[in-house]
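Note that this is a predicted model, so its numbers are computed, not measured. Note that the numbering runs from 1 along the sequence shown for the chain.
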Amino acid sequence: TFIAGCAGGMAQVLAGQPFDMIKVRLQSSNSFQTSKNNLFNCFQKIIKTEGGPLALWRGSLSPLLSVGAAVALQFSVNEKTKSLIKKATGSSKLSLSHLFGCGVVAGLANSIISIPTEHSKIKMQAQEGKSSAGLYSSSVDCIKKISQTHGIKGLYKGGMPTLLREGLAFGIYFSFYEWFIDRMLTPGQVRQDLKTSTVILAGSMTGVACWLATYPIDIIKTRIQLD
């Protein structure tokens with residue numbers, strides 16, 4: 001399960017990184033009149049001026065390296081919290097609010113890893129031009145320079161909005177997913193009976209719900225970490 005979670009996390013990073021790159025560029029822009037504020041123009045500009053298509057994956061090293069620890073922490077904390085609530089309530093089935101609360105705790109725990117990871121990733125993504133010509137040559141170089149200049153505390157800049165985003169996002173993730181799956185089950189069915197397409201739909205809808213709820217916080221986080 002851990003290996004599957006890591007593989008899924010890595011696939012998510014690699015598939016979503018180009019879109020995340022554009023998101024950070026748009027969030028960090030101070031002018032709404034520049035061409036980079038257009039989604040497709042931004043894609044074209046990065047590919048044309050910053051070293052080709054691979055530039056879209058700039059900053060992906062830190063989330064790729066940390067995804068294993070993040071997955072282990074998220075799910076272990078969520079399951080442990082669920083176990084404690086079941087023991088306290090004497091019920092084997094948790095309510096939606098209980099699931100949301102467990103997810104919030106898992107998200108807050110995950111922030112230990114996600115704050116420095118996101119900080120270095122965003123710094124790399126917002127750096128325009130080729131990496132070799134920028135302030136940071138790689139994700140490792142970025143973490144090293146932030147630590148040397150501002151100490152460990154500097155790596156956790158933007159911690160409060162990240163805590164808010166992660167807590168809310170994982171609260172929604174772990175509760176909405178369970179709710180959606182339960183609605184898809186017919187009497188007598190178990191989860192293993194569900195079609196792969198149904199599980200994918202549940203995950204997709206959960207992701208949309210998470211981003212709709214947390215995107216404003218994410219913009220604030222990006223601006224603080226780039227300041």
**Message:** Between Gln127 and Lys123, is there a side-chain donor-acceptor contact under 3.5 Å, judged purely by atom types and distance?
**Reply:** no
**Message:** Taking the side chain as everything from C-beta on, heavy atoms only, tell me whether Ile220 gets closer than 4.5 Å to Leu164.
**Reply:** no
**Complete:** The reported gap from OG in Ser28 to CD in Gln225 (rounded to nearest 0.5 angstrom) is 12.0 Å
**Request:** Would you check if Gln125 and Ile22 make a side-chain contact, meaning some heavy-atom pair closer than 4.5 Å?
**Result:** no
**Asked** Looking only at heavy atoms, what is the nearest atom pair of Ile224 and Gly158, with distance?
**Response** CG2-CA, 3.7 Å
**Message:** Given 3.5 Å as the limit, does a donor-acceptor pair link the side chain of Trp57 with the main chain of Leu14, or not?
**Reply:** yes
**Prompt:** Which distance, rounded to the nearest 0.5 Å, do you find between the OG of Ser62 and the CD1 of Ile143?
**Reply:** 5.5 Å
**Prompt:** Can you say whether the rings of Trp179 and Phe176 are parallel (under 30°), tilted (30 to 60°) or perpendicular (over 60°)?
**Reply:** tilted
**Prompt:** Can you tell me if OH on Tyr215 sees more than 12 non-hydrogen neighbours from other groups inside 6.0 Å?
**Reply:** yes
**Request:** For ring pair (Phe, Tyr, Trp, His ring centres under 6.0 Å), just list the numbers for Phe75 and Phe174, CA-CA rounded to whole Å, side-chain angles, deciding distance to a tenth of an Å, and then say yes or no.
**Result:** CA-CA 10 Å; Phe75 285 93; Phe174 283 113; 5.5 Å; yes
**Charged N-O contact under 4.0 Å between Asp227 and Arg223** = no
**Asked** Minimum heavy-atom separation for His119 to Leu155, with atom names?
**Response** ND1-O, 3.3 Å
**Request:** Using the salt bridge (Lys or Arg N to Asp or Glu O under 4.0 Å) rule, take Glu118 and Lys157 through it: C-alpha gap first, then chi angles, then the decisive distance, then the call.
**Result:** CA-CA 10 Å; Glu118 287 270 320; Lys157 184 178 182 180; over 6 Å; no
**Request:** Could you tell me whether the side chain of Lys145 and the main chain of Leu135 form a donor-acceptor pair under 3.5 Å?
**Result:** yes
**Prompt:** So which heavy atom on Ile113 is nearest to which on Ala70, and how close?
**Reply:** CD1-N, 3.7 Å
**Prompt:** Does a side-chain heavy-atom distance below 4.5 Å link Val105 with Val77?
**Reply:** yes
**Item:** Modelled atom types, side-chain donor and acceptor of Glu166 and Ser114, under 3.5 Å
**Value:** yes
**Item:** Student check: side-chain heavy atoms of His98 and Thr89 closer than 4.5 Å
**Value:** yes
**Message:** Looking at every non-hydrogen atom in both residues, tell me the closest pair between Lys121 and Pro63 and how far apart they are.
**Reply:** CD-CG, 3.8 Å
**Asked** Going by atom types alone, do Ser97 and Ser95 pair a side-chain donor with an acceptor below 3.5 Å?
**Response** yes
**Message:** Is there a side-chain contact between Arg25 and Ile46 in this structure, where contact means two heavy atoms from C-beta onward sitting under 4.5 Å apart?
**Reply:** yes
**Request:** Using a 4.5 Å cut-off on heavy atoms from C-beta on, say whether the side chain of Asp218 contacts that of Lys23.
**Result:** yes
**Asked** Under the criterion side-chain contact (heavy atoms from CB on, under 4.5 Å), which of Thr222, Leu226, Ile122 is the partner of Gln27?
**Response** Thr222
**Message:** For Met160, I'd like to know if atom CE has over 12 heavy atoms of other residues, nucleotides or ligands within 6.0 Å.
**Reply:** no
**Prompt:** Between Glu128 and Arg58, is the closest basic N to carboxylate O distance under 4.0 Å?
**Reply:** no
**Item:** Under 3.5 Å: donor-acceptor pair, side chain of Tyr156, backbone of Ile112
**Value:** yes
**Complete:** Interatomic distance, CG@Asp20 vs OG@Ser60, rounded to 0.5 Å, equals 10.0 Å
**Prompt:** How long is the gap from CG on Leu168 to SG on Cys210, to the nearest 0.5 Å?
**Reply:** 8.0 Å
**Message:** Assess whether a salt bridge exists between Asp141 and Lys144, defined as any Lys/Arg side-chain N lying under 4.0 Å from an Asp/Glu carboxylate O.
**Reply:** no
**Request:** Would you check if Ser138 and Leu61 make a side-chain contact, meaning some heavy-atom pair closer than 4.5 Å?
**Result:** no
**Item:** In one Ile/Leu/Val/Met/Phe/Trp/Tyr side-chain cluster, 4.5 Å: Leu39, Val208
**Value:** no
**Request:** Decide yes or no for Lys82 and Leu99: does some side-chain heavy atom of the first lie under 4.5 Å from some side-chain heavy atom of the second?
**Result:** yes
**Request:** With rounding to the nearest 0.5 Å, note down the distance linking CZ in Phe180 to OG in Ser204.
**Result:** 9.0 Å
**Asked** Are the side chain of Glu50 and the backbone of Ile47 linked by a donor-acceptor contact shorter than 3.5 Å?
**Response** no
**Prompt:** Distance from Ile146 atom CD1 to Tyr136 atom OH, nearest 0.5 Å?
**Reply:** 5.0 Å
**Complete:** Here the pair of heavy atoms bringing Met21 nearest to Leu56 is CB-O, 3.7 Å
**Prompt:** Where do Gly59 and Ser139 come nearest, in terms of heavy atoms and distance?
**Reply:** CA-OG, 3.7 Å
